[in-house]
Amino acid sequence: MLASIVFAVVFASQVLALANPRAPTSPSAKPAASFTSIEAAAPTVKPSTQTGKLPALGWNSWNAYRGDINEAKVLAAANQFISLGLKDAGYQYINIDDCWAKMARDATTQRMVPDPNKFPNGISGVASKVHALGLKMGIYSDAGTATCAGFPGSLGHENLDAETFSGWGIDYLKYDNCNVPGNWSDSITQCTQSQPVDGDWYNSNSAIRYRQMTAALAAQSHPIQFAICNWGNANVWEWGGRVGHSWRMSSDSAPNWSYITLIFRTNVPRLSYVNFWAHNDMDMMEIGNGGLTVQEQRTHFAAWVFLKSPILLGTDLGLLTTQQLAIITNKELLAFHQDDTVGTPAMPFTAYAGAPTTSPPEYYSGKSSKGAHVFIINTSASTATRQFSFANVPGLPSSGSFKLHDMWTGADLSGTYTLGSTFSVSVAAHDTVAYLIKLA
Ligand SMILES: *[C@@H]1O[C@H](CO)[C@@H](O)[C@H](O)[C@H]1NC(C)=O
Ligand SMILES: *[C@@H]1O[C@H](CO)[C@@H](O)[C@H](O)[C@H]1NC(C)=O
Ligand SMILES: *[C@H]1O[C@H](CO)[C@@H](O)[C@H](O)[C@H]1NC(C)=O
């Protein structure tokens with residue numbers, strides 16, 4: 001059923017294949033002998049299980065600063081992780097995005113070189129200060145000849161670059177998808193021709209570019225979390241978990257409600273791919289940027305939490321309001337996201353007999369080590385009362401009575417319910433309510 005969903009997006013910078021109307025067959029359906037030589041020779045190394053079990057929690061420089069980055073800005077974010085309580089809440093990664101390098105590799109060693117004007121102590125100098133704060137350091141590269149901003153890419157240099165990053169103490173790599181040579185892409189017009197011979201997009205040119213970096217990272221002494229950023233191309237959700245720890249589902253995020261509903265719709269049909277070490281990435285957070293209402297910010301955070309997307313803050317942390325900090329450090333929501341015993345996300349469910357279907361769905365249920373949870377989004381533009389039947393929530397015991405615990409406030413609601421009960425709540429426009437169902 002998932003494979004029958006046709007998903008087509010055309011990116012300005014690149015036209016890649018997106019639709020796979022045929023159900024993938026198993027890799028063994030055709031003999032390996034029918035692979036092209038590139039497919040036959042591509043590494044099949046698995047990503048490290050020493051990192052990336054849970055969706056990443058951190059910060060990334062791009063949404064706040066684009067290319068205008070330097071050591072001071074990156075270290076300011078790291079220090080704010082401490083001073084604002086973000087580290088205590090579980091945030092770990094300080095990730096540098098594009099534009100950190102010099103335009104040319106070192107002529108002798110062919111290594112990438114940090115821009116000395118932006119990073120006078122190199123990336124290793126920043127990494128050691130970040131590590132001294134008990135945090136982790138992320139870097140950015142690209143599975144093409146150049147990054148999106150035109151700095152050196154890692155295609156064809158995977159081993160050298162992985163070794164360089166490891167030597168600097170890097171813990172996380174975001175790997176982008178710009179400037180891909182024609183013979184390495186999976187274009188729409190070539191869709192039929194470049195469809196992998198066995199129907200498994202793991203053997204597409206796109207996946208192989210990423211697999212080369214997986215193998216290079218695995219050869220390093222230190223585990224490096226691998227964040228695939230190919231914008232939802234080549235059915236990445238089908239192979240992302242065999243190649244990296246997370247994968248972007250779309251082109252870049254935007255600080256508005258239409259992005260949030262768009263990424264919901266893209267993500268929801270593909271939640272069965274999400275589990276430990278395997279996360280659909282809904283892109284970096286926009287809280288602090290643009291004109292999202294408080295309710296929309298709560299939904300933005302709650303959705304990334306209950307769908308188990310990486311959460312990488314993307315703003316100048318010093319400008320966050322007290323209200324925004326309270327949203328992104330909510331203990332109970334973060335505990336759901338970082339639950340070490342349940343890897344699956346919340347899934348849409350039919351909240352009561354005859355409930356209307358909406359796109360994106362408004363009702364989700366999921367499990368954590370604490371029990372069953374219900375999340376309700378109001379996707380429309382005004383306040384309304386919504387309801388769910390306890391009998392419709394998957395996984396509740398067949399008898400007994402229940403209390404509802406509000407994850408936002410940390411308080412129990414007053415009523416007591418049974419499986420025969422229906423619960424009603426007024427939800428503000430674009431807001432999300434979040435409950436744990438406790439045994440009474
Ligand atoms: C693309 O061309 C380069 C240069 O000839 C070659 O090294 C590479 O293997 C080719 N990639 C594919 C997928 O054929
Ligand atoms: C949302 O933001 C994106 C990127 O800035 C923009 O292209 C799009 O038009 C915006 N949508 C709305 C409804 O404002
Ligand atoms: C949100 O409000 C809209 C419009 O009033 C309504 O149609 C929708 O059902 C509401 N959703 C929830 C979850 O309350």
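Along the sequence shown, residues carry numbers from 1. Hydrogens, waters and symmetry mates are skipped; everything else that's a heavy atom, side chains included, is used. This one's a predicted model, so the numbers in the text were calculated from it and none came from an experiment. For ligands, and for the atoms within them, numbers begin at 1 and follow the listed sequence.
Distance check for atom 9 (O) of ligand 2: every protein heavy atom is found at 4.0 Å or beyond. Shown here, atom 14 (O) of ligand 2 is in close reach of the protein: a heavy atom of it lies under 4.0 Å off. For atom 2 (O) of ligand 1, a protein non-hydrogen atom is found at a distance below 4.0 Å.
A cation-pi arrangement, defined by a distance under 6.0 Å to the six-membered ring centre and an angle within 45 degrees of its axis, is present between Lys53 and Phe276.
Each of the atoms 11 (N), 12 (C), 13 (C) of ligand 2 lies under 4.0 Å from some heavy atom of Ser258. The Ala254 neighbourhood of ligand 2 comprises atoms 1 (C), 2 (O), 3 (C), 4 (C), with distances under 4.0 Å to a heavy atom of that residue.
Scanning the protein for heavy atoms near atom 4 (C) of ligand 1, the closest one is Asn183 ND2, 4.6 Å. Regarding atom 6 (C) of ligand 2, its nearest protein heavy-atom neighbour is Asn256 ND2, 4.1 Å.
Remark: aromatic rings of Phe375 and Phe336 are close, center separation under 6.0 Å.
Checking only distances, Asn205 never comes within under 3.5 Å of ligand 1, N or O to N or O.
By the 4.0 Å N-to-carboxylate-O rule, Asp106 lies too far from Arg111 to be salt-bridged with it. Ion pairing between a basic and an acidic side chain is recognised when a charged N comes within 4.0 Å of a carboxylate O; Arg105 and Asp161 show such pairing. The pair Lys174-Asp281 does not count as a salt bridge, with every side-chain nitrogen at least 4.0 angstrom from each carboxylate oxygen. A salt bridge links Lys73 with Asp68: the distance from a Lys NZ or Arg NE/NH1/NH2 to an Asp or Glu carboxylate oxygen falls below 4.0 Å.
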